[in-house]
Undergrad: 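Pasting a structure below so you can have a look.
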Protein chains: 2
Amino acid sequence: MHRRNTEQRRVLRDIAAAAAGPLSAQEFLDAAQSELPSIGIATVYRNLTRFVEQGELRAVELPGEASRYELADKLHHHHFQCDDCGRVIDVEGCSDAFESLLPESFRIRSHDVLIHGKCPQCP
Amino acid sequence: MHRRNTEQRRVLRDIAAAAAGPLSAQEFLDAAQSELPSIGIATVYRNLTRFVEQGELRAVELPGEASRYELADKLHHHHFQCDDCGRVIDVEGCSDAFESLLPESFRIRSHDVLIHGKCPQCP
DNA sequence: GCAGTACTGATAACCCATTCTCAATTAGAC
DNA sequence: GTCTAATTGAGAATGGGTTATCAGTACTGC
């Protein structure tokens with residue numbers, strides 16, 4: 001099972017690298033089609049799944065939304081989602097004092113923060 | 001359209017009031033059936049939707065999970081979800097210094113925090 | 001009590017993100 | 001250039017949460 005470097009994969013990787021936040025399969029498709037109009041949604045899903053298995057990408061799940069994908073080597077960060085356009089943008093840094101809020105009997109592994117509001121591009 | 005006080009609604013309201021965190025429709029169903037074995041999932045969904053419309057309950061969306069519902073008059077808080085049993089438990093308090101992480105051009109409206117780990121009941 | 005209608009329970013239908021199928025295409029070793 | 005299997009694109013199929021349908025039930029005003 002030799003891996004091949006297809007144009008589709010190259011385009012998808014470029015999109016992930018240039019993204020300002022995690023993208024959905026549909027967003028990957030839209031972005032990819034502007035460079036490779038014939039690419040289909042099945043290919044996008046197949047490759048996103050594969051990139052996750054290979055450790056290149058990481059899935060980001062947001063409430064009530066389709067899965068999004070971001071580079072796996074990103075440092076700890078959180079996300080902002082615009083109420084209007086729905087775009088998700090990375091937020092660097094983190095003020096984590098969550099541990100102190102729970103009793104000792106809870107063994108904390110991680111935490112996710114999602115900030116809502118309006119992004120600079122929306123009215 | 002006169003509102004009626006059915007046994008089903010009374011049970012669902014009791015369950016919501018006694019919950020340690022937001023419950024899914026399935027969890028409402030399971031809890032309700034121990035008191036009212038004939039209650040069906042359609043009735044649960046119908047009433048949860050109705051309670052939300054009436055402002056009694058509020059929907060809580062967690063990544064990759066069915067909607068959950070909690071009392072609408074709860075004060076600002078966050079949630080903990082157990083990696084093992086999946087239960088969701090309220091976390092009082094909040095260390096919010098998120099505003100400072102984003103540029104001024106982002107107008108922040110709210111934030112959600114979800115803490116992951118193991119609850120006291122799980123190994 | 002009775003009537004009228006809001007409500008319920010069972011199940012079929014729906015919605016939509018994701019996966020599968022399969023014939024056609026193409027990267028890459030030789 | 002040839003060969004072969006990995007990959008692709010289109011559309012069908014899937015799965016799970018939620019909603020719609022409809023005949024039967026049971027609140028509540030009188």
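Lettering follows sequence order; numbering is per chain, from 1. On a predicted model such as this, the values are computed, not experimentally measured, just so you know.
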Undergrad: Quick one: are A/H77 and A/V91 in side-chain contact, heavy atoms under 4.5 Å?
TA: no
Undergrad: Atom CZ of B/R9 to atom P of D/dC27: distance rounded to whole Å?
TA: 11 Å
Undergrad: Should B/S67 and B/S24 count as side-chain neighbours, where that means a heavy-atom distance under 4.5 Å?
TA: no
Undergrad: So, is A/Y45 near the phosphate of C/dT19, with a side-chain N or O under 4.0 Å from OP1 or OP2?
TA: no
Undergrad: Send over the distance from A/L36 CG to D/dG9 C1', rounded to a whole Å.
TA: 11 Å
Undergrad: Indicate, with a heavy-atom threshold strictly under 4.0 Å, whether B/Q8 touches base, sugar-phosphate, or nothing.
TA: sugar-phosphate
Undergrad: Just do the side chain to side chain contact (heavy atoms under 4.5 Å, CB included) check on B/I89 and B/H79 with the steps written out, would you?
TA: CA-CA 6 Å; B/I89 295 148; B/H79 298 108; over 6 Å; no
Undergrad: If you assign A/N47 and A/I41 each to the DNA chain D nucleotide with the nearest heavy atom, which residue ends up on the more 5' nucleotide?
TA: A/N47
Undergrad: Pick base, sugar-phosphate or nothing for A/S67, based on heavy-atom distances below 4.0 Å to the nucleic acid.
TA: sugar-phosphate
Undergrad: Is the shortest side-chain heavy-atom distance between B/P123 and B/D84 below 4.5 Å?
TA: yes
Undergrad: Tell me: CZ of A/F28 to C1' of D/dG9, nearest whole Å?
TA: 19 Å
Undergrad: Taking CG from B/L62 and P from D/dG17, how many angstroms apart are they, rounded to a whole number?
TA: 14 Å
Undergrad: Is it the case that the side chains of A/Q8 and A/T43 hold a donor-acceptor pair, with the cut-off being a distance below 3.5 Å and no angle test?
TA: no
Undergrad: Nearest-Å distance, CG (A/D30) to P (C/dA17)?
TA: 12 Å
Undergrad: Counting the atoms with a prime plus P, OP1 and OP2 as sugar-phosphate, which does B/I39 contact under 4.0 Å by heavy atoms, base, sugar-phosphate, or nothing?
TA: sugar-phosphate
Undergrad: Do any N or O atoms of the protein come closer than 3.5 Å to N or O atoms of nucleotides 22-29 of chain C, and which pairs are they?
TA:
from	atom 1	to	atom 2	distance (Å)
C/dT26	O2	A/R4	NH1	3.2
C/dA27	N3	A/R4	NH1	3.3
C/dA27	N3	A/R4	NH2	3.2
C/dG28	OP1	A/N5	N	2.8

Undergrad: To the nearest Å, how far apart are A/L29 CG and C/dC16 C1'?
TA: 15 Å
Undergrad: Testing the basics here: between A/R58 and A/A72, what is the closest heavy-atom pair and its distance to 0.1 Å?
TA: NH2-O, 2.5 Å
Undergrad: Let me know the distance between CD of B/E65 and P of C/dA17, rounded to the nearest Å.
TA: 18 Å
Undergrad: Under 4.0 Å between a side-chain N/O of A/T49 and OP1 or OP2 of C/dT18, yes or no?
TA: no
Undergrad: Apart from B/Y45 itself, what residues make up its hydrophobic cluster when side-chain heavy atoms of I, L, V, M, F, W and Y under 4.5 Å apart count as a link, directly or indirectly?
TA: B/V11, B/L12, B/I15, B/L23, B/F28, B/L29, B/L36, B/I39, B/I41, B/V44, B/L48, B/F51, B/V52, B/L57, B/Y69, B/L71
Undergrad: Would you check, one step at a time, whether the test side chain to side chain contact (heavy atoms under 4.5 Å, CB included) holds for B/E27 with B/R68?
TA: CA-CA 9 Å; B/E27 288 170 335; B/R68 289 162 185 273; 3.0 Å; yes
Undergrad: Verify, without hydrogens or angle tests, whether A/Q81 (side chain) and A/V88 (backbone) share a donor-acceptor contact under 3.5 angstrom.
TA: no
Undergrad: Atom CG of B/L48 to atom C1' of C/dT8: distance rounded to whole Å?
TA: 15 Å
Undergrad: Compare side-chain N and O positions of B/T43 against OP1 and OP2 of C/dC7 and report whether any pair is under 4.0 Å apart.
TA: no
Undergrad: Would B/H78 and B/H111 count as a ring pair (Phe, Tyr, Trp, His ring centres under 6.0 Å) here? Give the steps.
TA: CA-CA 9 Å; B/H78 296 300; B/H111 66 266; 5.0 Å; yes
Undergrad: Quick one: bend of the helix from C/dG1-D/dC30 to C/dC30-D/dG1 from 5 pairs per end, to 10°?
TA: 40°
Undergrad: If you find the nucleotide of DNA chain C closest to A/A66 and the one closest to B/S38, which residue's nucleotide is nearer the 5' end?
TA: B/S38
